[in-house]
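What follows is a set of notes on a single structure, which appears directly below.
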Amino acid sequence: MKRVRVAVVGAGVIGFSTAVCIAEALPVCSVTVLAEEFSPDTTSDGAAGIMIAEKFPDIPLERQKRWFKDSFDHLLAIAQSQHSPEAGVILSSGWQIFKEVPAIQKPFWSESVIGFRFMTDRELKRFPDHKFGQAFTTIKCECSSYLPWLEKRFRKAGGQVERRKINSLQELGNSYDIIVNCSGLGSKTLVGDSKVYPVRGQVLKVEAPWLQHFIRDGDGKTYIYPGIHSVTAGGTRQVEDWRLQVDEGDTKSILMRCSKLEPSLSKAKVLSKWVGLRPGRRNPRVERELVELQGCRTPVVHNYGHGGWGVTLAWGTALDAVGLVKQCLHEMPLQAKL
């Protein structure tokens, strides 16, 4: 039987999660990941990778819950297995704190994380500027380890990898039967999506092995996430900002804000500074369409636009993308599959 040729464009956490899911679930497909940048040079590599989500306005809540839960369960299984150190996936406990009591005190993902509860007055005492907090155990996924681990798993499932810049889907029309677009911010030019925009994020990696618990300000701009080798301190959320160079003003602001929440950080050594552009979009695009490529109507499955929630939702949206690829397979003319 002739295998169906599938191209996955993009090698970040969305691209590789989707490619692994397709390769493992659909042996009839021969899957190739195509990208200009691979780990350690993707946007995902710098992500703090903590599993927390925010609500998207136009996607049914049940679907968002499923995305989160599927991703959490997938990463939890890795965190509790012998693969945890190699994959860079660990359990992480800590606090999310708010200057004002939020309208929604129990977020939709609270039942998926472990041990979710409201913080006590005694716990909140150490954050005098904050009035409300949530304590829970979630997962931290360090993509600089996780992406190479996923790539290994992908190759084991028969997947192939090719480093090349794709300027237009037209370039792939003759070579592939189905195209899966996981190009993140690249979708702005690749498929002409004007709804995608950059959200500039700057983070620092600092040496503070004494820190064991994460602290995240509810506004999402200030956070401290202890990891395997270092602590990630952040951050910025600068919409429509394309700058990729480190801004020393941002560095100072991050250190000042984080040290206010965790005074011991003022003594920590800064190991590195990193900037990445998150693929912002009002809602992630997880859907399929038929596109005219080189005279043929080719199915294209889109999975991009996760903003700062790529690691959090990657496996969940990848499973949805597999479902969409299955639909494409069912609708293909029989001769294409023979």
Parallel, tilted or perpendicular: ring planes of [X] versus [Y], cut at 30 and 60 degrees:
X: Phe16; Y: Phe154; answer: perpendicular
X: Tyr225; Y: Tyr223; answer: parallel
X: Trp149; Y: Tyr146; answer: parallel

How close do [X] and [Y] get, heavy atom to heavy atom, and via which atoms?
X: Ile179; Y: Leu169; value: CG2-CD2, 4.0 Å
X: Glu171; Y: Ile166; value: OE1-CA, 3.8 Å
X: Ser93; Y: Thr137; value: OG-OG1, 2.7 Å
X: Leu244; Y: Gly276; value: CD2-CA, 4.4 Å
X: Asn181; Y: Ser187; value: ND2-OG, 3.2 Å
X: Pro226; Y: Val231; value: CA-CG2, 3.9 Å

Please determine if [X] and [Y] form a salt bridge, counting it only when a charged side-chain N lies under 4.0 Å from a carboxylate O.
X: Arg155; Y: Glu151; answer: yes
X: Asp129; Y: Lys260; answer: yes
X: Lys125; Y: Asp121; answer: no
X: Glu142; Y: Lys205; answer: no

Assess the side chains of [X] and [Y]: does a donor N or O sit below 3.5 Å from an acceptor N or O?
X: Thr317; Y: Asn303; result: yes
X: Thr236; Y: Lys221; result: no
X: Thr222; Y: Arg257; result: yes
X: Ser253; Y: Asp250; result: no

With a 4.5 Å limit on heavy-atom distance, are the side chains of [X] and [Y] in contact?
X: Asp58; Y: Arg282; value: yes
X: Glu36; Y: Asp41; value: no
X: Tyr176; Y: Leu34; value: yes
X: Arg63; Y: Asp320; value: yes
X: Arg285; Y: Val196; value: no
X: Phe38; Y: Val33; value: yes
X: Glu207; Y: Pro209; value: yes
X: Val325; Y: Val4; value: no

From [X] [atom1] over to [Y] [atom2], what is the distance, rounded to the nearest 0.5 angstrom?
X: Leu172; Y: Arg164; atom1: CG; atom2: CZ; answer: 5.5 Å
X: Lys273; Y: Gln245; atom1: NZ; atom2: CD; answer: 13.5 Å
X: Ile224; Y: Ile254; atom1: CD1; atom2: CD1; answer: 11.5 Å

Ile104 atom CD1, neighbour heavy-atom count above 12 within 6.0 Å | no
Cluster question for you: counting only ILVMFWY and a side-chain heavy-atom cut-off of under 4.5 Å, with indirect links fine, are Phe98 and Trp95 together?
-> no
Going only through I, L, V, M, F, W and Y residues with side-chain contacts under 4.5 Å, is there a path from Leu185 to Val286?
-> no
May I have the list of side-chain donor-acceptor pairs in residues 106-118 shorter than 3.5 Å, sequence neighbours left out?
{"unit_1": "Trp109", "atom_1": "NE1", "unit_2": "Ala53", "atom_2": "O", "d": "2.9"}
{"unit_1": "Ser110", "atom_1": "OG", "unit_2": "Pro107", "atom_2": "O", "d": "2.8"}
{"unit_1": "Arg117", "atom_1": "NH1", "unit_2": "Glu123", "atom_2": "OE1", "d": "2.9"}
{"unit_1": "Arg117", "atom_1": "NH2", "unit_2": "Glu123", "atom_2": "OE2", "d": "2.9"}

Stepwise side chain to side chain contact (heavy atoms under 4.5 Å, CB included) check, Met119 with His130 = CA-CA 11 Å; Met119 285 167 71; His130 294 76; over 6 Å; no
Take Trp67 and Thr312, measure what side chain to side chain contact (heavy atoms under 4.5 Å, CB included) needs, and give me the verdict at the end.
-> CA-CA 8 Å; Trp67 284 349; Thr312 293; over 6 Å; no
In this structure, which one of Val89, Ile139, Thr138 forms a side chain to side chain contact (heavy atoms under 4.5 Å, CB included) with Leu76?
-> Ile139
Show your reasoning for whether side chain to side chain contact (heavy atoms under 4.5 Å, CB included) applies to Asp193 and Arg281.
-> CA-CA 10 Å; Asp193 186 344; Arg281 204 172 184 275; 2.9 Å; yes
Share the residues that join Tyr197 in a hydrophobic cluster, the rule being Ile, Leu, Val, Met, Phe, Trp or Tyr side chains under 4.5 Å apart at the heavy-atom level.
-> Val199, Val239
Show your reasoning for whether side chain to side chain contact (heavy atoms under 4.5 Å, CB included) applies to Cys143 and Thr42.
-> CA-CA 9 Å; Cys143 283; Thr42 73; over 6 Å; no
Given Glu262, which of Ser259, Ser266, Ser264 fulfils the side-chain hydrogen bond (donor to acceptor under 3.5 Å, both in side chains) condition?
-> Ser264
Derivation of the ring-ring contact (aromatic ring centres under 6.0 Å, His included) call for Phe136 and Phe214 = CA-CA 10 Å; Phe136 53 94; Phe214 73 80; 5.4 Å; yes
